There are 2 protein chains.
Amino acid sequence: MSKTPAPPPVTVTSLLMEVSRLLRARFREQAQDWELTQPQWLALAHLNKTPGLTQSELAERLEVSKVTVTQLVDRLEKSGWLRREAHESDRRATRLQLTDKAAPVTAELWRVGAVVRGQALAGLSAGEREQLESLLQRVKTNLSGAAAKE
Amino acid sequence: MSKTPAPPPVTVTSLLMEVSRLLRARFREQAQDWELTQPQWLALAHLNKTPGLTQSELAERLEVSKVTVTQLVDRLEKSGWLRREAHESDRRATRLQLTDKAAPVTAELWRVGAVVRGQALAGLSAGEREQLESLLQRVKTNLSGAAAKE
DNA sequence: GACATATGGTTAGCTTACTAACCATTTGCC
DNA sequence: GGCAAATGGTTAGTAAGCTAACCATATGTC
């Protein structure tokens, strides 16, 4: 009575962040043979699909800041997954190219992604999966727009 | 044809991690007056509800590793939100106590949490919110259990 | 053409999260 | 009682994300 209903600290938001942490952990387990993390894998996948992206373009696709991409690319370059190449018309920009080392792996990695996704979504019907995705998409839209407001 | 349907890099998993990032960002915006982040706020909330938790107990409630709690508590202690006190019967353990500085704020912070949650869930009916929470809960259970199994 | 502004990237410094390795106690078993 | 194993915390090192501040080059306007 004195404490106002004391809302349980487990809210949708913290639940969501927990799930995000767990996803990262599971991915690490699955992908450890290649020594790649989920964000790294995602970057390679984008570059596999669209070679020659600039860092800005990659940042936009990954929906992270350009600083994050700089560091991500640093690590991927150091490990030999990709190269930074000069942009032919804009001397500020760098184009990203996968190395030969990366080519054979990207396909395999989709399988890893599928495994983790399979673990996560086990027991959910096709309808429920769609529903989850669509709800998350709406939440994402809400949060993306909310930045400017007031 | 040559590229196998090329699944779009936007999967439920990456969508989920994006939303998690956005939540963190929105929370930072809302809570910046107190210079507290979402995990810090969550820790204070737990301690407000259950004073005297040990770090291990807090780690369990937050569902993060004890290392993470060590660092989190380091920062919270340095900023004067809480104290580490000796455990009365276990000399290894430390009990966490909120300081006077923290007391008045914890209540306010629930409001902040509610604001962010409100932004995130805007436009979702009560039923949809429940559905989202229940789906996430199932995903979380899947991922928690998946660790052991091969 | 010159200067203000916008854009591409980097550096520095922060928080959160992790694993691995390590002390110091406590507990359990013989 | 004594020793092995479990538990509570910390330290070191890494990845991912951010903001703020900063170069260098492009672009746009006068």
Side-chain angles (χ1 to χ4, degrees), chain A residues 14 16-29 31-32 34-43 52-79 81 84-96 147, chain B residues 14 17-29 31-32 34-44 52-79 81 84-96 147:
Chain A
S14 55
L16 221 144
M17 294 176 90
E18 268 168 47
V19 172
S20 170
R21 276 201 304 273
L22 286 169
L23 279 174
R24 224 180 4 194
R26 290 300 151 266
F27 194 93
R28 192 169 26 230
E29 283 171 17
Q32 61 188 351
W34 295 284
E35 311 238 306
L36 280 166
T37 63
Q38 202 267 358
Q40 290 175 352
W41 152 77
L42 196 53
L53 284 174
T54 65
Q55 293 188 198
S56 292
E57 289 165 344
L58 183 57
E60 202 175 321
R61 278 173 174 70
L62 296 177
E63 304 196 57
V64 296
S65 73
K66 55 186 186 168
V67 187
T68 300
V69 166
T70 295
Q71 298 176 328
L72 193 60
V73 168
D74 279 350
R75 281 185 286 268
L76 286 170
E77 192 175 32
K78 187 151 57 170
S79 322
W81 295 103
R84 274 184 243 238
E85 296 187 346
H87 191 287
E88 59 293 344
S89 62
D90 188 337
R91 277 195 290 171
R92 297 168 305 177
T94 60
R95 288 201 176 286
L96 302 174
Chain B
S14 55
M17 294 175 90
E18 266 169 47
V19 172
S20 170
R21 273 200 306 273
L22 287 169
L23 279 173
R24 223 177 9 194
R26 290 303 150 265
F27 194 93
R28 193 172 22 234
E29 282 171 16
Q32 59 190 350
W34 294 285
E35 312 238 304
L36 280 167
T37 62
Q38 201 269 356
Q40 290 175 351
W41 152 77
L42 197 52
L44 294 188
L53 283 175
T54 65
Q55 293 189 199
S56 294
E57 288 165 345
L58 183 57
E60 202 175 320
R61 279 172 172 70
L62 297 176
E63 305 197 54
V64 297
S65 72
K66 55 187 186 167
V67 188
T68 301
V69 166
T70 294
Q71 298 177 328
L72 193 60
V73 168
D74 279 351
R75 282 184 285 269
L76 287 171
E77 190 175 33
K78 188 151 57 172
S79 321
W81 295 104
R84 275 184 243 237
E85 297 187 346
H87 191 286
E88 57 295 343
S89 61
D90 188 337
R91 279 196 290 172
R92 297 167 306 176
T94 61
R95 288 201 176 286
L96 303 174

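Every value quoted in this text rests on a predicted model; they were computed, and no experiment measured them. Below, read A as the first sequence line, B as the second, and so on, with proteins coming before strands; counting in each chain starts at 1.
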B:Thr37 vs C:dT16: side-chain N/O to OP1/OP2 distance below 4.0 Å: yes

Which part of the nucleic acid, if any, lies within contact of B:Ser56, taking any heavy atom under 4.0 Å across all strands shown: a base, the sugar-phosphate backbone alone, or nothing? sugar-phosphate

If you look at every strand shown and take non-hydrogen atoms under 4.0 Å, does B:Arg75 touch a base, only sugar-phosphate, or nothing? base

For the pair made of CG in B:Leu42 and P in C:dT15, what is the distance, rounded to whole Å? 18 Å

Quick check against the 3.5 Å criterion: does B:Ser79 have a side-chain atom that pairs as donor or acceptor with the backbone of B:Arg75? yes

Between the base of C:dT7 and the side chain of A:Arg92, is there any donor-acceptor pair under 3.5 Å? yes

Tell me, do B:Leu62 and B:Pro39 make a side-chain contact under 4.5 Å, heavy atoms counted? no

Base, sugar-phosphate or nothing for B:Ser20? Non-hydrogen atoms, less than 4.0 Å. nothing

Distances under 3.5 Å between protein N/O atoms and the N/O atoms of nucleotides 1-5 of chain C, please, pair by pair.
none

Check: A:Thr94/A:Glu85 side-chain N/O donor and acceptor closer than 3.5 Å: no

Heavy atoms under 4.0 Å, any strand shown: does A:Thr70 hit a base, just sugar-phosphate, or nothing? base

In the structure I gave you, are the side-chain heavy atoms of B:Thr54 and B:Leu96 within less than 4.5 Å of one another anywhere? no

Look at atom CD of B:Glu35 and say whether more than 12 heavy atoms of other residues, nucleotides or ligands are closer to it than 6.0 Å. no

Quick one: A:Glu18 CD to C:dT16 P, roughly how many Å, whole number? 16 Å

Flag, side chain of B:Gln40 to backbone of B:Thr37, donor-acceptor distance under 3.5 Å: yes

Let me know the distance between CD of A:Glu57 and P of C:dG8, rounded to the nearest Å. 8 Å

Charged N to carboxylate O under 4.0 angstrom, B:Glu63 versus A:Arg21? no

May I ask you to verify if any side-chain N or O of B:Thr68 is less than 4.0 angstrom from the OP1 or OP2 atom of C:dT16? no

Rounded to whole angstrom units, what separation is found between the CG atom of B:Asp74 and the P atom of C:dT16? 11 Å

I'd like to know if the side chain of A:Arg84 pairs up with that of A:Gln55 as donor and acceptor (distance under 3.5 Å, no hydrogens or angles considered). yes

Is there a side-chain contact between B:Phe27 and B:Trp41 in this structure, where contact means two heavy atoms from C-beta onward sitting under 4.5 Å apart? yes

Pick the closest DNA chain C nucleotide for A:Gln55 and for B:Pro39 by heavy atoms, then say which residue is nearer the 5' end. A:Gln55

With rounding to the nearest 0.5 Å, note down the distance linking CG in B:Leu76 to NZ in B:Lys78. 11.0 Å

What integer distance in Å separates A:Gln71:CD from C:dC14:C1'? 11 Å

To the nearest angstrom, how far is A:Lys66 atom NZ from C:dA12 atom C1'? 15 Å

Separation of B:Glu35 atom CD from C:dC14 atom P, in whole Å? 13 Å

Round to the nearest Å and state the distance from A:Leu72 atom CG to C:dT11 atom C1'. 17 Å

Heavy atoms under 4.0 Å, any strand shown: does B:Arg95 hit a base, just sugar-phosphate, or nothing? nothing

Judged by each residue's nearest nucleotide on DNA chain D, which is more toward the 5′ side, A:Val67 or A:Arg91? A:Val67

Taking 5' to 3' order, which nucleotide of DNA chain D is first and which is last to have an atom within less than 4.0 Å of a heavy atom in chain B? D:dA6 to D:dC18

